[in-house]
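One structure is given below, encoded as structure tokens.
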Number of protein chains: 2
Amino acid sequence: MMQFSTKAEYSLKAMINLAKHYGKEPISLAKIAKEEKISKEYLEQLIAKLKANNLVKSTKGVKGGYILTKKPNLISAADVIEATEGSLAPFYCVSDADARCCTKKDCLTKNMWINVKKSIKKSLESTKLTDLYK
Amino acid sequence: MMQFSTKAEYSLKAMINLAKHYGKEPISLAKIAKEEKISKEYLEQLIAKLKANNLVKSTKGVKGGYILTKKPNLISAADVIEATEGSLAPFYCVSDADARCCTKKDCLTKNMWINVKKSIKKSLESTKLTDLYK
DNA sequence: ATAAATACCAAGTAGATTACTTGGTATTTA
DNA sequence: TAAATACCAAGTAATCTACTTGGTATTTAT
């Protein structure tokens, strides 16, 4: 089955948590993990990807933690999910990472996957962090 | 990564193969498998699902094989992929099979997944077998 | 200075899933 | 009666997910 994994779920929860505290002091990973009921050690790996994609920044040491790099209304679900899942491509032949596919000039099936990918992207890009909490 | 598996790929290939021969004699699984370069034994499992979803019908014995139950322009990619992949839901909380999700009355994240699912479905439902070959 | 709390990093692992294979039985036609 | 087909159930190797384990580096409070 084609389903986003808990990577998408957990990273969205973490980003929503940070969005709610936007403008305040950094929040530690331990606090986010506890509040969102996610393994801290696993979330660590996901937030590393969010940082690599410039969605959060960190400060070390006591009182350290994470904050968003941008206002919550400027970060989309697509940004978050693409960072942690790696791609929004619903099929390998339309993934940037894995572009092996049929060699045909104009593959009709590939065109279909391109459309599916576009529609997924559109949905997720139009959803901002601010749309995910009230 | 959220990607459809080879189940979607193989079953689409098989159905396109059958669509091209629509109205003629049944085609054997062995022939489809050979032409599409798919393991016959694996394809057997996939075509069983297509049959269970009433997309193909079979005749046994020598000269036996498979034919489509409907005209190729009446069968969508969504029909085929849903039959073999099990669901088009991009996240467990919007899957019919697995409806466990947050207990909140109006979960904003769930609403997002509902929209994503709808847009995937729309793309795949609008693509008929006849759109996948010329 | 030192201890505590934090981020950061690399490698290992159990369980689930995918993509098959294996070894059959049942049915139909030549 | 033999061959070709569909149909069926169970086993399996490789891969992926969702972690865990065991550290190091940095910063603040005491």
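The sequence lines fix the lettering, A, B, ..., with proteins before strands; numbering per chain opens at 1.
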Sub-3.5 Å donor-acceptor pair from the side chain of [X] to the main-chain atoms of [Y], do we have one?
| X | Y | value |
| --- | --- | --- |
| A/Thr69 | A/Asn54 | yes |
| A/Ser95 | A/Ala89 | no |
| A/Glu125 | A/Ala78 | no |
| B/Thr6 | B/Glu9 | no |
| A/Ser76 | A/Lys128 | no |
| B/Asn115 | B/Met112 | no |
| B/Glu85 | B/Ala8 | yes |

Going only through I, L, V, M, F, W and Y residues with side-chain contacts under 4.5 Å, is there a path from A/Tyr66 to A/Tyr22?
yes
How about B/Ser58 and B/Lys51: does a side-chain donor come under 3.5 Å of a side-chain acceptor?
yes
With a 4.0 Å cutoff (strictly under), does any side-chain N or O of A/Thr6 reach OP1 or OP2 of D/dA18?
yes
Rounded distance (Å) that lies between atom [atom2] of [N] and atom [atom1] of [X]:
| X | N | atom1 | atom2 | result |
| --- | --- | --- | --- | --- |
| B/Tyr42 | C/dT18 | OH | P | 8 Å |
| A/Leu43 | D/dA18 | CG | P | 13 Å |
| B/Glu25 | C/dT29 | CD | C1' | 15 Å |
| B/Phe4 | C/dT18 | CZ | P | 12 Å |
| B/Phe91 | D/dT17 | CZ | P | 14 Å |
| B/Glu9 | C/dT18 | CD | P | 15 Å |
| A/Leu46 | D/dC19 | CG | P | 9 Å |

Report the end-to-end axis angle of the helix from C/dA1-D/dT30 to C/dA30-D/dT1; each axis comes from five terminal pairs, and the value is rounded to 10°.
0°
Please list, in numerical order, the residues of residues 11-22 of chain B that have a heavy atom closer than 4.0 Å to any atom of DNA chain C.
none
Closest contact, heavy atoms only, A/Pro72 versus A/Tyr133:
CB-OH, 3.8 Å
Evaluate the ring planes of B/Tyr42 and B/Tyr10, with Trp represented by its six-membered ring, and classify them as parallel (under 30°), tilted (30 to 60°) or perpendicular (over 60°).
perpendicular
If the sugar-phosphate is the primed atoms plus P, OP1 and OP2 and the base is the rest, what is the B/S/- string for nucleotides 6-17 of chain C, using protein heavy atoms under 4.0 Å?
BSBB-B------
